[in-house]
Amino acid sequence: MAPEPASTTFDGIAYRWSNYDTPLWTRANSAAQRWNGAGEGATQYVSLTTDGAWAELIRAEELTTVAEVRLVRLPMWGLRLRELHLADYSTFAKAEEAGFPADALVDDDHARCRAEA
């Protein structure tokens, strides 16, 4: 059995882009992402910075030019979050210490992350 990941807490502001009427998912995500399969439940993806949230939008929507990014008209949501006992995979070393292969965190194949989730 793999060791439990180190635990951390978060108490602060996190950011995500979303439609004006759906700041958070209330139904299952329709698309598979790194930590969820399609239809597996409402998985929220947030970033600790607005730049990180925009980078995720650009990646998820496969925007490749500045002109494409300029067409985006989605609000950036700031969420006040207080979460306890989060698995801490914030560094490759912490993931490895918990028995989770660090390369899975950046692998284009998300299967290992989904299994971990």
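Counted by atom type alone, Y15 and D51 present zero donor-acceptor pairs between their side chains at under 3.5 Å.
Atom CG of L24 sits about 7.5 Å away from atom OG of S18, to the nearest 0.5 Å. A distance of 13.0 Å separates OG1 of T49 from CD1 of I13, quoted to the nearest 0.5 Å. Going from atom CG of L57 over to atom OG of S47 covers 12.0 Å, rounded to the nearest 0.5 Å. Note that CZ of F10 is 5.0 Å distant from CG of L48, once rounded to the nearest 0.5 Å. Taken to the nearest 0.5 Å, the CD atom of Q44 stands 7.0 Å off from the CG atom of N29.
Without hydrogens or angle criteria, R73 side chain to R70 main chain gives a donor-acceptor distance under 3.5 Å. No donor-acceptor pair under 3.5 Å is formed between the side chain of E56 and the backbone N or O of A53. Using a distance-only test at 3.5 Å, with no hydrogens or angles considered, no donor-acceptor pair links the side chain of N36 to the main chain of T43. Side chain of E116 to main chain of C113: no donor-acceptor pair is present (N/O by atom type, distance under 3.5 Å, no hydrogens or angles).
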| request: Give the intermediate values and the outcome of side chain to side chain contact (heavy atoms under 4.5 Å, CB included) for residues R16 and L79. | output: CA-CA 8 Å; R16 67 178 273 122; L79 306 166; 3.9 Å; yes
| task | Take V72 and L63 through the test side chain to side chain contact (heavy atoms under 4.5 Å, CB included) and record every step on the way to the result. | result | CA-CA 10 Å; V72 173; L63 305 177; 3.7 Å; yes
| Between T9 and L86, does a side chain to side chain contact (heavy atoms under 4.5 Å, CB included) hold up when you go through it step by step? | CA-CA 6 Å; T9 62; L86 295 169; over 6 Å; no
| said: Before you tell me yes or no, could you show the steps for D103 and R112 under side chain to side chain contact (heavy atoms under 4.5 Å, CB included), namely the whole-Å CA-CA distance, both residues' side-chain angles and the distance that decides it to 0.1 Å? | reply: CA-CA 10 Å; D103 67 312; R112 293 181 291 172; 3.1 Å; yes
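Under a hydrophobic clustering in which Ile, Leu, Val, Met, Phe, Trp and Tyr are joined whenever their side-chain heavy atoms come within less than 4.5 Å, directly or via other members, Y89 and Y45 fall into the same cluster. Residues M76 and I58 share a single hydrophobic cluster, defined by chaining ILVMFWY side chains whose heavy atoms lie under 4.5 Å apart. Residue V106 is grouped with residue F100 when hydrophobic side chains (ILVMFWY) are merged at heavy-atom distances under 4.5 angstrom, including chains of intermediate members.
Within 6.0 Å of CZ on R27 lie no more than 12 heavy atoms contributed by other residues, nucleotides or ligands. Atom CZ of R82 has 12 or fewer neighbouring heavy atoms from other residues, nucleotides or ligands inside a 6.0 Å radius.
Using a 4.0 Å cut-off between a side-chain N of Lys or Arg and a carboxylate O of Asp or Glu, K94 and E97 do not qualify as a salt bridge.
Two residues are said to be in side-chain contact when any heavy atoms from C-beta on lie closer than 4.5 Å; E61 and W17 meet this criterion. Between L105 and R34 there is no side-chain heavy-atom pair separated by less than 4.5 Å.
Here the closest non-hydrogen pair linking S30 and A38 is O-CB, 3.4 Å. Smallest separation of non-hydrogen atoms from A102 and A95: CA-CB, 4.3 Å. Closest of all the heavy-atom pairs between W35 and R114 is C-CG, 4.1 Å.
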